[in-house]
Q: 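The following block contains the structure, expressed as structure tokens.
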Amino acid sequence: MNMYPFDARGIGKRFRHAAIFGALDALTPGETMRFFNDHDPVPLLRQMEQRYGDAVRVAYLQGEHGVVIIDFTVVAQDHAAMRALPAAGRG
């Protein structure tokens, strides 16, 4: 499995979601972004659901206050459909 770490804690809040979506868009089927944050990113997860649907699998590894670790994995069968969406329709 190809896993790439992404520490959101070091990115300014104003740019955080755009940086996360850019990183997710760069993944290929079967690749995983291991996401580190200091809080549960509920608004981000809602945006991801709207943007990617089932194309990205979400798996919590740790969810304690102050330390949240989530694996976001691109699912092969849905990835082509995700890429086919016009940019305006993805977010």
Q: Enter the distance from Ile70:CD1 to Arg57:CZ here, rounded to the nearest 0.5 Å.
A: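 So the gap between those two atoms works out to 14.5 Å.
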Q: List the steps and the verdict of side chain to side chain contact (heavy atoms under 4.5 Å, CB included) for Asn2 and Thr32.
A: CA-CA 6 Å; Asn2 292 328; Thr32 298; over 6 Å; no
Q: Tell me the closest heavy-atom pair linking Ile11 and Ala19, and the distance in Å.
A: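 Shortest heavy-atom separation between Ile11 and Ala19 comes out as CD1-CB, 4.0 Å.
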Q: Using side-chain heavy atoms (C-beta onward) and a distance below 4.5 Å, is Leu24 in contact with Arg51?
A: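 A side-chain contact under 4.5 Å is absent here.
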Q: Between Met33 and Ala23, which heavy-atom pair has the shortest distance, and what is it?
A: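 Minimum heavy-atom contact is SD-CB, 3.6 Å.
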Q: Please report the C-alpha distance between Asp25 and Tyr52 in whole Å, then the side-chain angles of each, then the deciding distance to 0.1 Å, and finally whether the side chain to side chain contact (heavy atoms under 4.5 Å, CB included) criterion is met.
A: CA-CA 10 Å; Asp25 288 345; Tyr52 301 117; 2.8 Å; yes
Q: For the CD atom of Gln47 and the CD1 atom of Ile20, what is their distance to the nearest 0.5 Å?
A: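 Here the interatomic distance stands at 9.0 Å.
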Q: Taking Arg16 for the side chain and Ala8 for the main chain, is one N or O donor matched with an acceptor at less than 3.5 Å?
A: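 Yes, because the side chain of Arg16 sits within donor-acceptor range (under 3.5 Å) of the backbone of Ala8.
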Q: Do the non-hydrogen side-chain atoms of Val56 and Met48 ever get within less than 4.5 Å of each other?
A: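 The answer is yes, as the side chains (C-beta and beyond) meet within the 4.5 Å cut-off.
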Q: Remaining members of Ile69's ILVMFWY cluster at a side-chain heavy-atom cut-off under 4.5 Å?
A: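 Ile69 shares its hydrophobic cluster with Phe36, Leu61, Val67.
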Q: Tell me, with the steps shown, if Tyr4 and Phe35 meet side chain to side chain contact (heavy atoms under 4.5 Å, CB included).
A: CA-CA 9 Å; Tyr4 301 95; Phe35 175 81; over 6 Å; no
Q: Residues in salt bridge (Lys or Arg N to Asp or Glu O under 4.0 Å) with Asp7, at least two apart?
A: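 Checked Asp7 against salt bridge (Lys or Arg N to Asp or Glu O under 4.0 Å); matches are Arg9.
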Q: Is there side-chain contact between Val75 and Pro29, with at least one heavy-atom pair below 4.5 Å?
A: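 No - every pair of side-chain heavy atoms lies 4.5 Å or more apart.
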Q: For a quick check under 3.5 Å, do Tyr60 and Asp40 share a side-chain donor-acceptor pair by atom type?
A: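 Note: Tyr60 and Asp40 side chains meet the donor-acceptor criterion.
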Q: Is there a side-chain contact between Asn37 and Phe6 in this structure, where contact means two heavy atoms from C-beta onward sitting under 4.5 Å apart?
A: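 They are not in contact (no side-chain heavy atoms under 4.5 Å apart), so the answer is no.
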Q: Could you walk me through whether Leu27 and Phe72 satisfy the side chain to side chain contact (heavy atoms under 4.5 Å, CB included) test, starting with their C-alpha distance in whole Å, then the side-chain angles of each, then the deciding distance to 0.1 Å, before giving a yes or no?
A: CA-CA 10 Å; Leu27 295 177; Phe72 298 126; 5.6 Å; no
